[in-house]
Amino acid sequence: EVQLQASGGGLVQFGGSLRLSCAASGSRLDGYAIGWFRQAPGKDRVGIACVSSNDDGPFYDNSVKGRFTLSSDKAKNILYLQMNDLKPEDTAVYYCATDPRLMYGRTCLTRLHGYAYWGQGTLVTVSS
């Protein structure tokens with residue numbers, strides 16, 4: 001079983017930057033689909049960045065493309081989400097997730113139900 005620990009959230013001003021981290025334990029993530037998701041107040045959880053199980057990607061939602069970057073340190077088994085040029089509409093709880101089952105292409109952004117393992121979430125608040 002995989003455990004994920006997300007961190008790095010906080011309060012940031014409009015236009016600022018944050019880097020979220022997601023430390024994985026229990027299994028290496030090689031061959032796993034990995035993703036970052038967010039849930040704004042009163043809204044559904046949505047995918048914003050992911051890499052498919054065959055290492056295709058990263059794929060990004062249009063709302064964050066060009067501003068956010070998903071990366072990983074495979075040696076340390078850690079995922080990152082670098083967030084630049086933050087906007088108030090980026091305010092949300094951010095989650096990392098992973099799953100060992102096959103998930104190809106951009107489906108890693110939309111198949112939330114396909115992820116078995118989720119981090120606990122970290123709150124990002126962007127002030128205007």
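Since we're looking at a predicted model, the values are computed, not measured.
- Applying the side chain to side chain contact (heavy atoms under 4.5 Å, CB included) test to Ala23 and every residue at least two apart in sequence or in another chain returns Ile78.
- Heavy-atom neighbours of Asp44 CG from other residues, nucleotides or ligands within 6.0 Å: at or below the threshold of 12.
- Residue pairs meeting the side-chain hydrogen bond (donor to acceptor under 3.5 Å, both in side chains) criterion with at least one member in residues 105-117: none, sequence neighbours excluded.
- Taking the side chain as every heavy atom from C-beta outward, Asp56 and Tyr104 never approach each other to under 4.5 Å.
- A search for salt bridge (charged side-chain N to carboxylate O under 4.0 Å, His left out) contacts involving Asp61 returns nothing, not counting sequence neighbours.
- The two residues Ser72 and Leu79 make their nearest non-hydrogen contact at CB-CD2, 4.0 Å.
- Using a 4.5 Å heavy-atom threshold, the side chains of Arg38 and Ser63 count as touching.
- The backbone N or O of Gln5 lies less than 3.5 Å from no partner atom in the side chain of Gln120, so there is not a single donor-acceptor pair.
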Next on the checklist: Applying side-chain contact (heavy atoms from CB on, under 4.5 Å) to Asp90 and Val124, what does each step give before you reach the verdict?
Outcome noted: CA-CA 8 Å; Asp90 294 318; Val124 173; 5.6 Å; no

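- The distance from atom CD of Gln13 to atom OG of Ser128, rounded to the nearest 0.5 Å, is 9.5 Å.
- By the side chain to side chain contact (heavy atoms under 4.5 Å, CB included) test, Asn77 pairs with Ala24, Arg28, Leu29, sequence neighbours left out.
- Scanning all heavy atoms of the two residues, the minimum distance from Thr122 to Gly9 falls at OG1-N, 3.0 Å.
- Taking the six-membered ring where the residue is Trp, the centroids of Trp118 and Phe37 are separated by under 6.0 Å.
- The salt bridge (charged side-chain N to carboxylate O under 4.0 Å, His left out) check on Asp55 picks up Lys74, with sequence neighbours excluded.
- Atom-to-atom distance recorded for Thr91:OG1 and Leu86:CG is 8.5 Å, nearest 0.5 angstrom.
- For the atom pair Ile34 CD1 and Cys96 SG, the distance stands at 9.5 Å (nearest 0.5 Å).
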Checklist entry - Could you go step by step and tell me if Tyr32 and Val51 meet the side-chain contact (heavy atoms from CB on, under 4.5 Å) rule? => result CA-CA 8 Å; Tyr32 282 41; Val51 173; over 6 Å; no

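- Each of Val126 and Tyr95 belongs to its own hydrophobic cluster when Ile, Leu, Val, Met, Phe, Trp and Tyr are linked at side-chain heavy-atom distances under 4.5 angstrom.
- Rounded to the nearest 0.5 angstrom, Asp99 CG and Ser53 OG are separated by 8.5 Å.
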Checklist entry - Can Trp36 and Val64 be said to form a side-chain contact (heavy atoms from CB on, under 4.5 Å), step by step? => result CA-CA 11 Å; Trp36 284 97; Val64 306; over 6 Å; no

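- Leu109 belongs to a hydrophobic cluster whose remaining members, ordered by chain and number, are Phe59; membership requires side-chain heavy atoms of ILVMFWY residues under 4.5 Å apart, directly or through intermediates.
- Here OG of Ser7 is found 15.0 Å from OH of Tyr94. Values are rounded to the nearest 0.5 Å.
- For the residue pair Leu112 and Gly47, the shortest heavy atom distance occurs at CD1-N, 4.2 Å.
- Leu20 CG to Gln82 CD: the interatomic distance, rounded to the nearest 0.5 Å, is 9.0 Å.
- The two residues Gly114 and Met103 make their nearest non-hydrogen contact at O-CE, 3.7 Å.
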